[in-house]
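Order of appearance sets the numbers: ligands from 1, and atoms from 1 within every ligand. Quick caveat: nothing in here was measured; it's all calculated off a predicted structure. Scope of the values below: all heavy atoms of this structure, side chains included, with no hydrogens, waters or symmetry mates.
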Amino acid sequence: MEFLSWKVEDGVAIITIARPPANALSRGIIAEVDAVLDAVENDDAVRVLVLHGEGRFFSAGADIKEFTEVESGDEFTKLAGNGQQVFERVETFSKPVIAAIHGAALGGGLELAMSCHMRFVTESAKLGLPELQLGLIPGFGGTQRLPRYVGVAKAAEMMFTSEPISGAEAVQWGLANRAFTDESLLEETLKVAKKIAKKSPIALKEAIQALQYAKPASFYEGMEAEAKSFGTVFVSADAKEGIQAFIEKREPVFTGK
Ligand SMILES: C/C=C/C(=O)SCCNC(=O)CCNC(=O)[C@H](O)C(C)(C)COP(=O)(O)OP(=O)(O)OC[C@H]1O[C@@H](n2cnc3c(N)ncnc32)[C@H](O)[C@@H]1OP(=O)(O)O
C-alpha cells in the first residue's frame with residue numbers, strides 16, 4: 001500500500017492516511033481504504049479501527065487536481081458511486097470504525113469521517129462540505145449523511161456557504177462525539193477505542209447492523225441521486241471555473257452556465 005498504513009495495539013488497528021500535503025482522497029487512496037478493510041475484516045486481533053491523518057490534516061477531501069483528468073459527467077458519477085460504495089462499506093463494517101480528526105476534514109474527508117461510527121476531533125479542526133465553492137456538490141454521501149447528524153437547516157448552511165465549522169462546534173451540533181486538544185486527540189481516541197475493543201465482537205457486529213436501520217428509507221435513493229447530480233454539475237462551465245480557481249488559488253466567478 002502506498003498511502004495507508006496500520007499497526008495493531010491492544011485490539012485496535014490504528015490506520016494512518018499519509019499523502020502529503022493534504023491527504024487528498026485520490027482514487028488510489030479510496031481503493032486502499034477498501035483494501036485495509038479486506039485486510040482487517042477476518043483478523044481476530046483487530047476489534048476496532050481508528051482512522052487518522054498524518055501531517056496537517058485528517059483529509060482535505062477528494063483530490064481536486066485529479067478532477068482535471070476526468071472527461072465526462074458519467075465518469076464523474078462513477079467516481080462518486082465508487083467512493084460512496086467504499087464509505088458505505090465503512091459504515092456497515094463488522095467492526096467499529098472511529099475517525100480521529102485534526103486540522104481539517106473537508107469534502108470527501110468529512111464524508112469519509114461521517115461514514116465512521118464515531119468522530120473525535122480537535123477543538124480547532126475545520127469540518128465542512130465546501131464543494132459548492134468548486135461549482136460542485138458533495139458526491140461521497142455528504143448530502144445524505146450530514147443532515148442526519150446536524151439537521152437539514154444546518155447541513156444546508158454548511159453546504160451553501162462552504163464555510164467549515166470548528167471541532168468544538170461540531171460537538172455542539174452533533175456531528176462529532178467529543179473534542180480534545182491537538183496533543184491529546186489520538187491518545188484520548190485510543191482510550192475509548194481500547195475500551196470498545198473489550199466488548200464482544202459478536203455483539204458489536206450486531207449493534208452496527210441494527211444501527212443501519214436508523215438510516216431513512218430514502219437513504220440509498222438519495223445516494224444514487226447525489227452521484228447523478230455530481231455528474232450533472234461536473235459538465236457545467238461553473239464546475240470548470242471552480243476547479244480552475246482552486247488550482248490558481250483565486251476566487252471563482254460563477255455565471256450559472
Ligand atoms: C466527492 C468529493 C468531493 C470533494 O471532496 S471536493 C474537495 C473538497 N475539499 C476542498 O474544497 C478543500 C480544499 N482545500 C482547502 O480549502 C485548503 O487547501 C485547506 C483549508 C485544506 C488548507 O488551506 P491552507 O492551509 O491555506 O493550505 P493550501 O495551500 O490551500 O493547501 C496545501 C496544499 O494542499 C493542496 N490541497 C488542499 N486540498 C486539496 C484537495 N482537496 N485536492 C488536492 N490538493 C489539495 C493545495 O493545492 C496545496 O498544494 P500546493 O502546496 O501544491 O499549492
* To do: Tell me who clusters with Met223, hydrophobic residues only, linked when side chains sit under 4.5 Å apart either directly or through other members.
  => Phe219, Tyr220
* Considering only heavy atoms, which protein residues lie less than 4.0 Å from any atom of ligand 1? -> Pro21, Ala22, Ala24, Arg56, Phe57, Ala60, Gly61, Ala62, Asp63, Ile64, Lys65, Phe67, Leu106, Gly107, Gly108, Glu111, Pro130, Glu131, Leu134, Gly139, Phe140, Phe230, Phe246, Lys249
* **Identified salt bridge (Lys or Arg N to Asp or Glu O under 4.0 Å) partner of Glu41 from the options Lys205, Arg89, Lys95** => Arg89
* Asked: Does the ring center of Phe76 lie less than 6.0 Å from the ring center of Phe67?
  -> yes
* Indicate whether any N or O donor in one side chain lies under 3.5 Å from an N or O acceptor in the other, for Thr181 and Ser184. => yes
* Please check if any side-chain donor atom of Glu54 sits under 3.5 Å from a side-chain acceptor atom of Thr16, or the reverse. => no
* Is Lys215 salt-bridged to Glu91, going by a charged N under 4.0 Å from an acidic O? -> yes
